[in-house]
Number of protein chains: 2
Amino acid sequence: MREPDISIAECSYRRVLEIVSNKWTALVIYALEDGTLRYGLIKSRIADISQKMLTQTLKQLERDGLVVRKVTPVVPPVVDYALTPLGRTLLPFLRMLKDWSSAHYASVSEAREAYDAVHQDASHG
Amino acid sequence: MREPDISIAECSYRRVLEIVSNKWTALVIYALEDGTLRYGLIKSRIADISQKMLTQTLKQLERDGLVVRKVTPVVPPVVDYALTPLGRTLLPFLRMLKDWSSAHYASVSEAREAYDAVHQDASHG
DNA sequence: CGGTATCCGCTCTGATACTG
DNA sequence: CAGTATCAGAGCGGATACCG
């Protein structure tokens, strides 16, 4: 029999989707996969993230228990970020998505071109 | 040696993230995991999605070659949607995320409460 | 260096109304 | 039933300026 719990709306799945569905969250987690990184290093890894968005994303991740923040009170300040064990459990998921990208993104691109050729009104790039 | 290609900005990973990072995309794909579904059925599976957002998401998914749309020209109209083979390759990824939710979402909740207790200014729920 | 605060545009999203 | 069109509001996200 089919599970009846699938009316997808209310479960934790949805909440987790909200976490990962941010523009930057996945990228930041992925940037930290190799271990602890200072704020500036994370920023240079992602490059086109703004300071505001990086800080905001990091703060949210910290709140969710996915990242730890460690301040070393020296001048100038040193702030390190690292994934928590909980945060690290998301890595396989991110890697899987990355593999998917390598394997299938070309197909998506083709599909878009084909679609746009037919529907003739697109200008997405 | 470490791969130098990791400056995460420009690769397909990023583009794929854009696909999945929509509020509804993952939910719609997931709704279609069991096979073909009519428009109204999808809507009832997701429940709190608006007509506009469902249509928009479906159209985007079709453009990306992840979903096929089949119109049966009768009155009243019947429109069926199904995942393409390409779309189906995303399912393991979605299931993995769902498993993660079941396993770890409680931890996230706890972390939030702890964080909010300390930072005292939150009111997210 | 690693933030915080503010302003502002733009996109995403949801109601509502209408069509075939 | 399955859309399309339009409008208005909320929030995202970037640029800029300032602080410890």
Side-chain angles (χ1 to χ4, degrees), chain A residues 8-9 14-15 17-28 31-32 36-63 67-82 115 119-125, chain B residues 8-9 14-15 17-28 31-32 36-64 67-82 119-125:
Chain A
I8 314 172
R14 195 61 176 273
R15 299 266 165 267
L17 235 27
E18 283 170 19
I19 296 175
V20 188
S21 284
N22 280 306
K23 187 173 179 183
W24 302 111
T25 306
L27 259 7
V28 170
L32 289 171
T36 301
L37 239 47
R38 290 182 60 173
Y39 182 91
L41 267 304
I42 302 173
K43 190 156 176 2
S44 69
R45 276 226 181 181
I46 304 184
D48 56 344
I49 193 173
S50 68
Q51 198 172 36
K52 175 184 173 180
M53 283 302 105
L54 180 53
T55 299
Q56 182 177 304
T57 304
L58 249 8
K59 205 177 280 183
Q60 179 201 281
L61 252 17
E62 194 194 357
R63 184 169 107 101
V67 157
V68 275
R69 179 175 185 263
K70 194 182 100 185
V71 182
T72 307
V74 296
V75 185
V78 172
V79 184
D80 291 296
Y81 292 90
Y115 183 95
H119 294 258
Q120 223 125 15
D121 64 270
S123 44
H124 287 263
Chain B
I8 312 172
R14 195 61 175 273
R15 298 266 165 267
L17 235 26
E18 282 169 21
I19 296 175
V20 187
S21 284
N22 280 307
K23 188 174 180 183
W24 302 111
T25 306
L27 259 6
V28 170
L32 289 170
T36 301
L37 239 45
R38 290 182 59 173
Y39 182 92
L41 268 302
I42 302 173
K43 190 157 176 0
S44 69
R45 276 227 181 182
I46 305 186
D48 55 344
I49 193 172
S50 68
Q51 197 171 38
K52 176 183 172 182
M53 282 303 104
L54 180 54
T55 300
Q56 183 176 304
T57 304
L58 248 10
K59 204 176 280 183
Q60 179 203 282
L61 251 16
E62 194 194 357
R63 183 168 106 103
D64 290 343
V67 157
V68 273
R69 179 175 185 264
K70 194 182 98 185
V71 182
T72 308
V74 296
V75 185
V78 172
V79 184
D80 292 296
Y81 292 90
H119 294 257
Q120 223 125 17
D121 65 270
S123 45
H124 286 264

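Quick note: numbers below take in every heavy atom, side chains included, and nothing from hydrogens, waters or symmetry partners. For clarity, every value in this text was computed on a predicted model and none was experimentally measured. Letters go in sequence order (proteins before strands), and every chain restarts at 1.
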Between atom [atom1] in [X] and atom [atom2] in [N], what is the gap in whole Å?
| X | N | atom1 | atom2 | result |
| --- | --- | --- | --- | --- |
| B/Ile49 | D/dA2 | CD1 | P | 14 Å |
| A/Met53 | C/dC10 | CE | P | 17 Å |
| B/Asp80 | D/dA2 | CG | C1' | 12 Å |
| A/Ile46 | C/dG2 | CD1 | P | 14 Å |
| A/Leu54 | C/dC1 | CG | P | 14 Å |
| A/Lys23 | C/dT11 | NZ | C1' | 10 Å |
| A/Arg69 | C/dG3 | CZ | C1' | 8 Å |
| B/Leu58 | C/dT13 | CG | C1' | 17 Å |

(message) Salt bridge check, B/Lys59 against B/Glu62: does any charged N sit closer than 4.0 Å to a carboxylate O?
(response)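 Not counted as a salt bridge, because no side-chain N and carboxylate O are separated by less than 4.0 Å.
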Choosing from [options], which nucleotide comes nearest the side chain of [X]?
| X | options | value |
| --- | --- | --- |
| A/Trp24 | C/dG14, D/dG14, D/dG3 | D/dG14 |
| A/Tyr39 | D/dG13, D/dG3, C/dG3 | C/dG3 |
| B/Lys59 | D/dG3, C/dG14, D/dT4 | D/dT4 |

(message) If the cut-off is 4.0 Å, is B/Tyr81 near the phosphate of D/dG3, judged by side-chain N/O to OP1 or OP2?
(response)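 Yes, B/Tyr81 has a side-chain N/O under 4.0 Å of OP1/OP2 on D/dG3.
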(message) So, OP1 or OP2 of C/dG2: does either fall under 4.0 Å of a side-chain N or O from A/Arg38?
(response)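 The answer is yes; a side-chain N or O of A/Arg38 sits under 4.0 Å from OP1 or OP2.
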Quick check: closest heavy atoms across [X] and [Y], and the distance to 0.1 Å?
| X | Y | result |
| --- | --- | --- |
| A/Thr25 | A/Ile19 | OG1-O, 3.3 Å |
| B/Ser21 | A/Asn22 | OG-O, 3.7 Å |
| B/Arg38 | B/Asp80 | CG-OD1, 3.1 Å |

(message) So A/Asp48 and B/Arg14, do their side chains get closer than 4.5 Å, heavy atoms only?
(response) yes
(request) Taking the side chain as every heavy atom from C-beta outward, state whether B/Thr57 and B/Leu27 have any atom pair closer than 4.5 Å. (result)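 Not touching, per the 4.5 Å side-chain cut-off.
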Solution key, residues 67-75 of chain B side-chain donor-acceptor pairs under 3.5 Å, sequence neighbours excluded:
from, atom 1, to, atom 2, distance (Å)
B/Arg69, NE, B/Tyr81, OH, 3.2

(request) Mind checking A/Lys43 for me? I need base, sugar-phosphate or nothing, with any heavy atom below 4.0 Å counting as a touch. (result) nothing
(request) Produce a footprint string for nucleotides 15-20 of chain D: one letter per nucleotide, 5' end first; B if the base is under 4.0 Å from any protein heavy atom, S if only the sugar-phosphate is, - if neither. (result) B----B
